A.B. asks: 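Just passing along the structure, written as structure tokens.
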Protein chains: 2
Amino acid sequence: MERTDGYGDPTKVMVAVNESSLKGYPHPSISSRSAFEWTLSKLVRSNFSGFKLFFLHVQVPDEDGFDDMDSIYASPADFKSMKERNKIRGLHLLEFFVNHCHQLGINCEAWIRKGDPKEVICSEVKRVQPDMLVVGSRGLGPFQRVFVGTVSEFCVKHADCPVVTIRRNANECPQDPVDD
Amino acid sequence: MERTDGYGDPTKVMVAVNESSLKGYPHPSISSRSAFEWTLSKLVRSNFSGFKLFFLHVQVPDEDGFDDMDSIYASPADFKSMKERNKIRGLHLLEFFVNHCHQLGINCEAWIRKGDPKEVICSEVKRVQPDMLVVGSRGLGPFQRVFVGTVSEFCVKHADCPVVTIRRNANECPQDPVDD
């Protein structure tokens, strides 16, 4: 039994989170943090028992190993350890969000999936059936969007639940808006 | 001073509402009611003092008077009375939402504007600066969308705040999905 505010099951909010493209793991991206902070301050507010948060982190399979340019691969075990390392990094990212919820007393779950973020987010929405999905967005212009694609736009169109897109604050944007 | 839940200013949620295309005024459309019910059950829940709702109803200027086919217009005063009548109908629509909030003890405001709904909603978002905008949607397929346009898609792209689109339940859809 979940604790609730007495108004039925808690509202299930899924938040898609990723790592900072500048600082790397375990730092959350600016847009993930914005989405999380918005969820806490504007939705959950003081109603901690009325919401349950679901943090999904999708890791893109690193097919060419660019993340590990400095490593030496001499055996299958080396590749296995690379995969382990990535998973651990992902867990440290999720730790940020789970710890924060724990401190506030908000029920939550967090997990990692591999694949194309936009496809995986939509298929996890089908499975978990949240009441809403919160995704951060870099708020790119049409020109930048063509090159980087946007997960948020795809989810708004294809996810099987209401989706809210949270843009970063202008004052938090890195020099290159494609960074996050 | 607003009453709040102690977590700063209440979260300002703007809800765009319109009349039923089948039953006419003062009945709210299915999608407006869905958007409102979702806002209450999934966002506000029991935290009545933590939210303030803003109901905006946009009336499309009825240039050819089709709504009043049975009326006789003999003087400028007749046209004035038609406009008055439309306004009163709009107020009765808003009454549904305001009464409901009042019963629950949720702070709210409601008002009518004239113009193109999608443009007016976005300009009112600029003025009121809500924390989020909730719009109902008929959930039309691409074929139907071409002919009726969708206010919700325009708002998702152009409104200056996070926007959440609530689709009608499948079991509430009228025979012709363009009706609402």
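Note: hydrogens, waters and symmetry copies are ignored here, and every other heavy atom, side chains too, is used. Residue numbers start from 1 in every chain, and the chains themselves are labelled A, B, ... in the order their sequence lines are given, proteins ahead of strands. Keep in mind that what you see is a predicted model, and the values were worked out from it rather than measured.
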A.B. asks: So which part of B:S137 gets closer than 4.5 Å to some heavy atom of chain A, the side chain, the backbone, both or neither?
C.D. replies: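 Contact with chain A: none, neither part.
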A.B. asks: Give, as side chain, backbone, both or neither, the part of B:S46 having an atom under 4.5 angstrom from any heavy atom of chain A.
C.D. replies: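 Answer is both: backbone and side chain atoms of B:S46 are under 4.5 Å from chain A.
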A.B. asks: Identify the residues of residues 155-164 of chain B whose heavy atoms come closer than 4.5 Å to a heavy atom of chain A, ordered by number, or report 'none'.
C.D. replies: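 Near chain A, by residue number: B:V156, B:K157, B:A159, B:P162, B:V163, B:V164.
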A.B. asks: What about B:V98 and B:Y25, same hydrophobic cluster or not, with Ile/Leu/Val/Met/Phe/Trp/Tyr joined at side-chain heavy-atom distances under 4.5 Å?
C.D. replies: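 No, B:V98 does not connect to B:Y25 through the hydrophobic network.
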A.B. asks: What about B:F48 and B:F36, same hydrophobic cluster or not, with Ile/Leu/Val/Met/Phe/Trp/Tyr joined at side-chain heavy-atom distances under 4.5 Å?
C.D. replies: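 Linked, B:F48 and B:F36 end up in one cluster.
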A.B. asks: Do A:V135 and A:F154 sit in the same hydrophobic cluster, where Ile, Leu, Val, Met, Phe, Trp and Tyr count as joined when their side-chain heavy atoms come under 4.5 Å apart?
C.D. replies: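 No: no chain of side-chain contacts under 4.5 Å links A:V135 to A:F154.
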A.B. asks: Report yes or no: do A:L104 and A:L94 belong to one cluster of Ile/Leu/Val/Met/Phe/Trp/Tyr joined by side chain heavy-atom distances under 4.5 Å?
C.D. replies: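 Both belong to a single hydrophobic cluster.
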A.B. asks: Check whether A:F96 and A:I88 end up in the same hydrophobic cluster, where Ile, Leu, Val, Met, Phe, Trp and Tyr are linked by side-chain heavy atoms less than 4.5 Å apart.
C.D. replies: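 No; A:I88 is not reachable from A:F96 via cluster members.
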A.B. asks: Nearest 0.5 Å, what's the CG-NZ distance between A:D131 and B:K42?
C.D. replies: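 It is 3.5 Å, given to the nearest 0.5 Å.
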A.B. asks: Could you state the interatomic distance from CG (B:L40) to OH (A:Y7), rounded to the nearest 0.5 Å?
C.D. replies: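 Spacing of CG (B:L40) from OH (A:Y7) equals 10.0 Å.
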A.B. asks: Testing the basics here: between B:N47 and A:V44, what is the closest heavy-atom pair and its distance to 0.1 Å?
C.D. replies: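 Looking at all heavy atoms of both residues, the shortest contact is ND2-O, 4.4 Å.
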A.B. asks: Would you say that A:M132 contacts B:L43 through its side chain, given a criterion of any heavy-atom pair below 4.5 Å between the two side chains?
C.D. replies: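 With C-beta onward as the side chain, the pair touches.
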A.B. asks: If you compare all heavy atoms of A:R45 against all heavy atoms of B:D9, which two are closest, and at what distance to 0.1 Å?
C.D. replies: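 In this case the closest contact between A:R45 and B:D9 is NH1-O, 2.8 Å.
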